[in-house]
Protein chains: 2
Amino acid sequence: MTSAPVHAADTRERILEAATRLFTERGFARVTVRDITSDAKANLAAVSYHFGDKLGLYERVLEIGLRSAQQMNTETILPREGHTPEECLRHYVREYLPRIVRSDDRGWIFQLLKHEMSNPTAVARSYVRGAIMPGIEFLTGVVGDLLGEASTPERVRRCTTSIQAQCLFFLPDPFKSMVMPDFQPSTDEAIREMADHIAEFSLAGIRAIAAQRRGPRVRPR
Amino acid sequence: MTSAPVHAADTRERILEAATRLFTERGFARVTVRDITSDAKANLAAVSYHFGDKLGLYERVLEIGLRSAQQMNTETILPREGHTPEECLRHYVREYLPRIVRSDDRGWIFQLLKHEMSNPTAVARSYVRGAIMPGIEFLTGVVGDLLGEASTPERVRRCTTSIQAQCLFFLPDPFKSMVMPDFQPSTDEAIREMADHIAEFSLAGIRAIAAQRRGPRVRPR
DNA sequence: AAGTGTATGAATCGCTTGTTTGAAAGTCAA
DNA sequence: TTGACTTTCAAACAAGCGATTCATACACTT
């Protein structure tokens with residue numbers, strides 16, 4: 001009895017929620033177990049009890065993120081048969097970009113993986129391929145179709161990279177937004193406009209590459 | 001006399017060199033004072049003695065990097081009068097990209113600043129504007145010229161962002177190269193080809209944006 | 001009511017971190 | 001040689017970290 005135990009039995013869930021949010025914001029290394037448990041209003045030892053250790057908790061968060069990313073891929077990737085490559089590209093960017101810009105329930109996994117870039121944990125490797133490779137492979141196919149007869153593996157790779165780079169640039173970033181705040185779209189409208197821009201900009205770029213003669217390599221200027 | 005004291009009086013320089021390399025590789029937080037001093041074959045207390053504290057050493061490294069970045073800007077930025085916008089853009093990307101890809105003596109400051117993105121130190125803010133704003137402003141002017149009569153502030157900003165995004169994507173990154181190694185050019189030849197690609201891809205993209213009618217906004221599809 | 005397994009809590013351990021200390025060793029002018 | 005000053009060094013300090021311990025409180029079966 002005493003004074004109403006907080007034993008809500010969902011301590012584990014509260015820790016997971018707090019960990020997901022904090023890991024997403026700051027990455028693995030810059031979040032302490034004390035941060036998580038105090039945020040989740042749980043005891044320090046609860047992490048060890050429920051998840052073995054801090055890394056076990058992190059892996060659990062990654063697992064959940066991977067599932068959400070796979071769900072996302074089903075929404076950004078249009079069936080190639082029944083849609084033109086142009087439609088596929090426009091749809092992909094328009095669905096992809098909002099999830100990159102806003103790290104909400106659907107896009108937080110990308111921000112979390114971004115922290116892995118500067119601070120790799122080695123656990124993320126396996127999760128990554130499942131999360132982002134499908135999108136890359138889809139884009140690769142679409143770009144190959146768009147290049148048509150001018151397609152070469154190098155050209156496909158370079159064009160795909162150009163598109164990916166333009167999208168991933170918008171992963172939230174305290175430093176970038178500090179340095180050049182104007183370049184980060186904030187409203188839904190601005191995000192949609194940026195997505196349309198990337199699609200049209202890239203379609204024109206791909207067409208220009210496709211128009212170059214094949215062979216040793218055209219070197220302008 | 002005795003056995004040749006290591007007192008080479010350049011302890012301070014050795015620490016600066018080691019710190020520059022280690023901070024560039026791992027960022028401020030993931031380098032310890034012990035890492036630096038052991039690498040520089042100096043005593044642990046030498047950092048406090050010569051630079052006050054770890055942050056003072058970091059600021060000193062940033063100062064040096066800022067000067068190297070300003071030097072770099074004079075090499076990537078072509079005088080606008082006397083060169084066509086196309087020439088300016090191609091020259092910029094071709095000079096810029098190698099310094100991004102290879103973090104050698106000329107480009108390490110960008111990699112160092114990249115760590116600030118996920119792990120801001122608050123000291124870097126002032127250094128950043130001096131290092132990267134000139135390039136952005138130059139690109140903004142070039143893109144404005146290329147858009148010509150179709151130019152609007154939003155279009156200029158979006159096109160400039162597309163170019164910057166394609167370049168900055170190639171900042172070295174243990175995680176990215178782990179996930180998609182094929183997308184990181186390694187040889188000088190591959191880097192040059194990628195730079196040419198970005199220039200032509202972007203020029204075509206800009207022309208396509210310029211060809212859109214002005215006004216409320218063309219929404220394709 | 002007693003017993004069993006699960007979950008929580010406060011305290012503590014062992015380790016790494018940045019920083020400080022005070023002595024020793026060097027340099028150099030008088 | 002003396003004496004003041006600068007630089008190096010080993011050792012220690014205080015704080016923060018992840019992890020562990022062990023007693024306690026709960027839920028549930030018998």
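These figures come from a predicted structure and were not determined experimentally. Naming: A, B, ... by sequence-line order, numbering from 1 per chain.
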**Prompt:** Got a sec, which residues hit ring pair (Phe, Tyr, Trp, His ring centres under 6.0 Å) with Y92(B), two or more places apart in sequence or on another chain?
**Reply:** Y96(B), F138(B)
**Prompt:** Is it true that D35(B) and R30(B) make a salt bridge, defined as a side-chain N closer than 4.0 Å to a carboxylate O?
**Reply:**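 R30(B) and D35(B): not salt-bridged.
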How long is the line joining [atom1] of [X] and [atom2] of [N], in whole Å?
X: D10(B); N: dT7(D); atom1: CG; atom2: P; result: 12 Å
X: H50(A); N: dA7(C); atom1: NE2; atom2: C1'; result: 6 Å
X: I15(B); N: dT7(D); atom1: CD1; atom2: P; result: 12 Å
X: R30(A); N: dG16(D); atom1: CZ; atom2: C1'; result: 16 Å
X: L57(A); N: dA19(D); atom1: CG; atom2: C1'; result: 14 Å

**Asked** What residues, two or more places apart in sequence or in another chain, satisfy salt bridge (Lys or Arg N to Asp or Glu O under 4.0 Å) together with D53(A)?
**Response**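 Applying salt bridge (Lys or Arg N to Asp or Glu O under 4.0 Å) to D53(A) gives none.
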**Complete:** Residue set satisfying salt bridge (Lys or Arg N to Asp or Glu O under 4.0 Å) with E95(B), at least two apart, ordered chain then number -> R99(B)
Within the sub-3.5 Å range, which N or O atoms of nucleotides 16-22 of chain C have a protein N or O partner, and how far apart are they?
residue: dG18(C); atom: OP1; partner: K54(B); partner atom: NZ; Å: 2.9
residue: dG18(C); atom: OP2; partner: V33(B); partner atom: N; Å: 3.0
residue: dG18(C); atom: N7; partner: R34(B); partner atom: NH1; Å: 2.8
residue: dG18(C); atom: O6; partner: R34(B); partner atom: NH2; Å: 3.0
residue: dT19(C); atom: OP2; partner: K54(B); partner atom: N; Å: 2.9

**Request:** Applying side chain to side chain contact (heavy atoms under 4.5 Å, CB included), name anything that partners T24(B), two or more places apart in sequence or on another chain.
**Result:**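 If we apply the side chain to side chain contact (heavy atoms under 4.5 Å, CB included) test to T24(B), skipping adjacent residues, the hits are T20(B), W108(B), Q111(B), L112(B).
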**Message:** My understanding is that only residues two or more places apart in sequence, or in another chain, count here; which of them pass side chain to side chain contact (heavy atoms under 4.5 Å, CB included) with S38(A)?
**Reply:**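 So S38(A) forms no side chain to side chain contact (heavy atoms under 4.5 Å, CB included) with any residue.
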